[in-house]
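The structure appears below as structure tokens.
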Amino acid sequence: MSSGTAFNPFTTAQQQFDRIANLLQLDEATRSLLRQPMREYHVSIPIRMDDGQTKVFRGFRVQHNDALGPCKGGIRFHPQETVDTIRALSMWMTWKCSVVGIPLGGAKGGVICDPHHLSSREQESICRGWIRQLAKDIGPVCDVPAPDVMTDSQHMLWMLDEYEVIHGGRYPGFITGKPVGLGGSLGRTEATGYGIIYVLREALKEHDLSIADTSAAVQGFGNVAQHAIELYQMMGGKVTTISCWDQKACSAFALRRKEGIDLAELRNITDRFGGIDFAKAEKLGYEPIPGSEWLADDVDILIPAAMENQITANAVGHISQRVRFIIEGANGPTAPEADEQLAARGIVTIPDFLANAGGVTCSYFEQVQSNMNFFWPHDVVLSRLDTHMTTAFRTVNELAKSRNLSLRDAAYVIAVDRVARACKDRGWV
Ligand code: GLU
């Protein structure tokens, strides 16, 4: 599921922004402020490796905009990380927080590294090193990190611990995605995946459909994809194909089972990065197919929940005629040229920064709970998440219908308008 070399997500993010800036007729100063990040940090992190050698890792934190509140966004560990990817993702975080109406801005961080080839101790050193470099520039009132691609609650706890050592106190609101019992919120692990399905349920209602009437193909089998599948199946949907990255072969492959995949069975043969053991899956009766074929499956819904730039203009022709909805679990999975072709085919695309905002919404709940030092039961977290996601979808959908916009454009108009107004009201532009 690698991204093509020519693809630059920041160019895509800026193109999307420019379109909306025109629709909203934003003035020059606001455009100039919002089409670039406000601040970015590039750091070098020297690590003593297990073999005794010292290796230097490059890391980033990009703060796109904090007009609505402290910056918020995940930190990714990825071997192909680039600062432009982080810039794009930080901008998408600003729109994501804005569209769901939470009082937070947008940021994203990353380290160029591959956790598949790092021991736990080496990963801990990278987490602590990243914090040491950035401890003065991030914090509970200015920039709050969270888990993202190949980072989890353990990474967040190491980062929190380092931050607290440096600042000499306990700051549970500094980071989200912490382990439950150490300031984490119940429901945070499943929040992004579940949020996707709450939004999907609402989108289907608009077309007089319910999840139980549908089938889906999913790209990815990490935390987000697994939890989306979990709730989708609990609501009666059938997942027939999963596309996933094969670390050993360094390529994507897909697994198909016409009568529906068994989530528990596949989880048992999956590593913590979402890599399914291909040989074992075949023995369990899954049909192996090329990774790109997940798009061609005869289903109603596609759920890209892996990486950026997966549904390109070229890929649209391979999508099965039956597909009517794409719900973007990943950030930036659809190329802008593909968007137009999908619309021309009558496929409804539910945009990433609305569809996958459940993670950051629950992070916001976690911040509130951490700051109050009072924690909510699981069902309260999930029902508040459902209410939040449902309201956000309905607001976007109403605007889309009343102004004849795509869901992506409507979500953008709402999100950018709120941030632009906040910048103006603060007297920045
Ligand atoms: N990394 C997640 C995202 O892209 C969550 C961010 C957060 O919780 O701050 O939305």
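All ligand and atom numbering here is 1-based and tracks the order in the structure. If you're wondering where the values come from, they're calculated on a predicted model, not measured in any experiment.
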Under 3.5 Å, is there a donor-acceptor pair between the [X] and [Y] side chains?
X	Y	answer
Thr214	Tyr232	yes
His64	Thr94	yes
Glu40	Gln63	no

Inset, instruction - Please determine if Arg58 and Glu81 form a salt bridge, counting it only when a charged side-chain N lies under 4.0 Å from a carboxylate O. - result: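 Looking at Glu81 together with Arg58, the answer is no, because their closest N to O distance does not fall below 4.0 Å.
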Inset, instruction - May I ask you to decide if Thr387's main-chain N or O and Thr390's side chain share a donor-acceptor pair within less than 3.5 Å? - result: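 Pair absent, no side-chain N/O of Thr390 close to backbone of Thr387.
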Legend entry - Under 4.0 Å from ligand 1 - residues by heavy atom, chain and number: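 Those residues closer than 4.0 Å to ligand 1 by some heavy atom are Lys72, Gly73, Gly74, Met93, Lys96, Lys108, Ala146, Pro147, Asp148, Arg188, Asn331, Gly359, Val360, Ser363.
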Inset, instruction - If a pair satisfies salt bridge (Lys or Arg N to Asp or Glu O under 4.0 Å) and one of its residues is in residues 6-22, list it, with sequence neighbours excluded. - result: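 The answer is Asp18-Arg35, Arg19-Asp409.
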